[in-house]
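Inspection log for the structure reproduced underneath, given as structure tokens.
We number each residue from 1, following the sequence as shown.
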Amino acid sequence: NDGSTNMAAEVAACSTLLVLVLGVAALCSAAPPVNIITILTDDQGWGDNSYNCDNSTEMCPHTPNMDMLARSPHTALFHRFYAAAGVCSPTRAALLSGRTNMRDCILSALPCDQENPAPTCAQGSRGAFPWSEFTIAKAAKKSKLGDYATIMLGKWHLGDLWDKHLKNMNKKWPVSSPTEAGFDEWMMTQAEASSSMSNCGCFPVNHTDPGPKPPSGYSKITPHGDHCVVGGGYESDWCYPCTDYYYPNASDPRKVHELTEKVPGDDSEFILDAFESFLTKTVKQQNRPFLAHLCFHSIHEPHPAMPQYYHLYKHDPDYLGTLTQLDVQFGRLISMLKSMGVYDNTVILYTADNGPHQGAERTDIHFSTNFLRQCKASIFEGGIRVPGMMHAPGLINSNKNISTPTGTVDFLPTVMELLEVETDNPTWAMDGESLLPLLKTDGHANRSKPMGFYWGNQKGVIDNNIKLINKPSMGQCDGQPPYNKGKLDDYYLFDLNTDYHELHDLKKEQPVLFQSMLKKLDDFLASVKNSQVNETGCAAHV
């Protein structure tokens with residue numbers, strides 16, 4: 001009996017040891033938490049990458065890094081990816097919240113831009129991003145997969161970064177900064193900024209001889225710069241109005257402080273420099289997972305290219321050169337992730353806030369939209385269909401082309417699924433859907449619910465291949481045939497599978513379908529109204 005007892009004890013001890021060894025081995029082999037990078041470019045059209053532009057012409061940018069990502073076996077390319085709106089602030093809100101912008105009463109681009117330097121303009125006079133919204137950053141902080149660090153860099157344009165005590169301010173949210181949206185760290189401009197030497201006008205110099213005015217697509221340059229780049233492919237003593245970066249600073253009475261040194265060159269490079277510092281601290285020193293939201297200023301006006309990129313092009317050199325210098329930073333980002341050892345467990349979600357603009361530096365908008373109808377500020381395809389991509393070495397092993405309608409509202413649900421969290425507002429409407437299930441399809445699956453659009457006077461709904469729009473605008477470009485003569489109709493109905501150029505209005509030919517889509521639009525607008533009153537409560541403050 002004693003021998004049997006001893007043998008049993010030895011077996012039990014060995015079993016316990018084996019369990020411990022296997023447990024330690026499993027712990028050591030467990031996959032590290034996923035890192036997430038969301039990238040939002042500014043005014044970049046569906047055709048503003050060479051992988052989706054007619055490169056037999058001289059009107060396309062050279063974007064070899066984006067081309068490499070688009071063809072990568074670790075990439076899903078979304079061919080019908082939609083910005084939440086045709087202008088920037090609404091889309092920026094929807095990306096963070098997974099909800100259409102008007103649920104937060106963000107009707108259009110908020111009133112703070114180059115013409116009104118940040119200290120004297122009040123975005124809050126026309127709405128602000130509500131503090132109560134659940135966001136991609138709050139999802140990261142809630143995740144139990146790891147102690148996530150979060151950062152946001154670039155363009156904000158969703159409210160005032162400090163309380164400016166100006167007239168007509170939003171009483172509930174006089175401040176709405178990335179801090180309230182859940183980010184640990186941030187460095188942001190209030191709104192748009194130049195693609196090169198973005199704050200050069202913040203250090204004015206009184207010149208006796210500033211030299212001739214450089215060619216620039218932006219008229220409001222003044223002779224008070226010091227070796228600034230404003231267009232034409234060279235430095236000059238002319239500059240744009242002051243547009244600076246701000247970051248949290250507890251010792252400043254405003255709780256924020258502006259940069260006190262110049263951005264030395266390419267603004268996209270400057271943003272990547274700041275991200276690299278964050279990455280070194282977070283990954284190398286703290287061994288923490290991260291979520292980063294990178295909001296590049298390119299290719300919004302003003303978009304002067306640095307000289308080395310300007311001189312690559314014969315046509316539209318400032319516009320195309322800026323896209324190339326942005327592309328260089330995409331390549332640098334991938335190299336950075338690999339060198340830090342986090343490339344394999346990082347998911348990158350990339351898109352733009354709306355379609356492209358037409359101007360002196362982009363002479364033919366058709367190449368930037370790849371011949372979609374219209375452009376920025378329009379609900380036609382050229383204003384809202386934008387680049388869309390997921391690059392995820394740990395999730396995607398063969399290149400996927402996805403034609404399912406998707407959009408910026410889908411970023412938050414995707415992040416939530418990746419991080420295994422639920423929203424803090426489970427009873428609130430959610431417009432987005434996770435992109436992850438689409439990775440398991442043939443790329444042609446239907447979307448489970450319609451996508452709604454509403455900003456300014458323009459409204460619409462897309463239900464897979466069918467699109468209904470109400471009170472469309474031409475946007476920031478010339479009208480394109482056949483709608484370039486006379487007044488636009490109140491409604492248009494299109495089948496995007498057979499008519500993605502939106503040439504053939506179906507509302508008279510298919511009255512039953514037209515009525516069905518009108519009902520879907522009415523349902524969407526009623527849901528938005530309910531959100532404004534009973535969810536965020538923003539209706540009482542705008």
Side-chain angles (χ1 to χ4, degrees), residues 36-41 44-56 60-84 95 323 327 330-331 333-334 343-344 346-352 354-356 367-373 381-382 384-411 413-415 417-418 432-451 462-467 494-502:
I36 299 172
I37 301 174
T38 53
I39 297 176
L40 188 64
T41 60
Q44 186 179 18
W46 193 54
D48 272 336
N49 283 305
S50 52
Y51 67 77
N52 197 35
C53 189
D54 182 1
N55 292 289
S56 66
C60 298
H62 307 309
T63 58
N65 293 294
M66 291 307 303
D67 296 355
M68 176 191 66
L69 287 175
R71 295 190 300 264
S72 167
H74 305 305
T75 291
L77 195 61
F78 301 99
H79 292 275
R80 288 185 59 198
F81 200 91
Y82 289 97
L95 187 153
L323 287 167
D327 179 77
F330 274 81
L333 174 63
I334 298 301
Y343 171 72
D344 289 338
T346 297
V347 173
I348 300 173
L349 297 166
Y350 150 71
T351 189
N354 48 251
F367 292 97
S368 285
T369 63
N370 198 2
F371 291 83
L372 296 175
R373 177 165 301 283
E381 289 289 284
I384 58 174
R385 191 188 291 201
V386 291
M389 188 184 298
M390 178 192 293
H391 184 72
L395 295 176
I396 304 171
N397 294 315
S398 62
N399 188 267
K400 299 194 70 69
N401 288 276
I402 295 175
S403 62
T404 304
T406 50
T408 44
V409 291
D410 298 331
F411 275 22
T414 305
V415 168
E417 184 171 356
L418 286 168
E433 301 178 352
S434 174
L435 298 170
L436 298 184
L438 294 177
L439 303 181
K440 301 175 183 178
T441 71
D442 63 358
H444 304 294
N446 281 337
R447 188 178 180 91
S448 67
K449 57 186 176 183
M451 301 178 72
I462 293 175
D463 189 10
N464 291 301
N465 60 307
I466 303 301
K467 177 180 179 182
F494 302 108
D495 184 338
L496 297 177
N497 277 358
T498 58
D499 180 30
Y500 71 90
H501 292 296
E502 297 172 300

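- The closest side-chain heavy-atom distance from Tyr51 to Met389 is below 4.5 Å.
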Begin with the C-alpha distance, continue with both residues' side-chain angles, and end with the deciding distance and a verdict on side chain to side chain contact (heavy atoms under 4.5 Å, CB included) for Trp46 and Thr369.
CA-CA 5 Å; Trp46 193 54; Thr369 63; 5.5 Å; no
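- Here the OG-CG distance, from Ser403 to Asn497, works out to 7.5 Å after rounding to the nearest 0.5 Å.
- Rounding to the nearest 0.5 Å gives a distance of 12.5 Å between CZ of Phe494 and NE2 of His501.
- With sequence neighbours left out, Thr408 forms a side-chain hydrogen bond (donor to acceptor under 3.5 Å, both in side chains) with no residue at all.
- For Gln44, the side-chain hydrogen bond (donor to acceptor under 3.5 Å, both in side chains) test picks out Thr41, Asn49, Tyr350, with sequence neighbours left out.
- For the atom pair CG of Leu418 and CG of Leu435, the computed distance is 9.0 Å after rounding to the nearest 0.5 Å.
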Evaluate Ile334 against Leu69 for side chain to side chain contact (heavy atoms under 4.5 Å, CB included), listing each step before the verdict.
CA-CA 9 Å; Ile334 298 301; Leu69 287 175; 3.9 Å; yes
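- In this structure, Ile348 and Ile39 have side chains that are in contact, with non-hydrogen atoms separated by less than 4.5 Å.
- A donor-acceptor contact shorter than 3.5 Å links the side chain of Asp410 to the backbone of Glu433.
- Taking both residues in full, the closest heavy atoms of Phe330 and Met66 are given as CD2-SD, 3.2 Å, listed atom of the first, atom of the second, then distance.
- Gly432 approaches Pro413 most closely through the heavy-atom pair C-CG, 3.5 Å.
- Here the CZ-CD1 distance, from Arg80 to Ile402, works out to 13.0 Å after rounding to the nearest 0.5 Å.
- For Thr404, there are no side-chain hydrogen bond (donor to acceptor under 3.5 Å, both in side chains) partners, not counting sequence neighbours.
- Here the side chains of Leu436 and Met390 are in contact, with some heavy-atom distance below 4.5 Å.
- In plain terms, the two heavy atoms of Pro356 and Gly45 that are nearest each other are CD-CA, 3.4 Å.
- Evaluation of the ring pair (Phe, Tyr, Trp, His ring centres under 6.0 Å) rule for His79 yields no partner, not counting sequence neighbours.
- Smallest separation of non-hydrogen atoms from Pro393 and Thr346: CD-O, 3.5 Å.
- Separation of atoms CG (Asp327) and OG (Ser50) is listed at 7.0 Å; rounding is to 0.5 Å.
- With sequence neighbours left out, the ring pair (Phe, Tyr, Trp, His ring centres under 6.0 Å) criterion links Tyr343 to His391.
- Rounding to the nearest 0.5 Å gives a distance of 12.5 Å between OG1 of Thr75 and NZ of Lys400.
- In terms of modelled atom types and a separation under 3.5 Å, the side chain of Asn401 and the main chain of Ala76 share no donor-acceptor contact.
- Using a 4.5 Å heavy-atom threshold, the side chains of Val409 and Leu95 count as separate.
- If you run side chain to side chain contact (heavy atoms under 4.5 Å, CB included) between Arg447 and each of Leu438, Ile462, Asn464, only Asn464 comes through.
- The nearest pair of heavy atoms linking Ser368 to Asp48 is OG-OD1, 2.8 Å.
- Considering only heavy atoms from C-beta on, Lys467 stays 4.5 Å or farther from Asp495 through its side chain.
- Counting non-hydrogen atoms of neighbouring residues, nucleotides and ligands closer than 6.0 angstrom, the OH atom of Tyr500 reaches no more than 12 such neighbours.
- Looking at Val347 and Thr414, their side chains never come closer than 4.5 Å, going by heavy atoms from C-beta outward.
- Phe78 and Phe81 have tilted rings, their planes meeting at an angle from 30° to 60° on a 0 to 90° scale.
- Taking the side-chain contact (heavy atoms from CB on, under 4.5 Å) definition, one finds that Ala83 meets it with Thr91, Val386, sequence neighbours left out.
- Between Pro387 and Thr351, the closest heavy-atom pair is O-OG1, 2.7 Å.
- With 3.5 Å as the limit, one finds a donor-acceptor pair spanning the side chains of Thr63 and Asp67.
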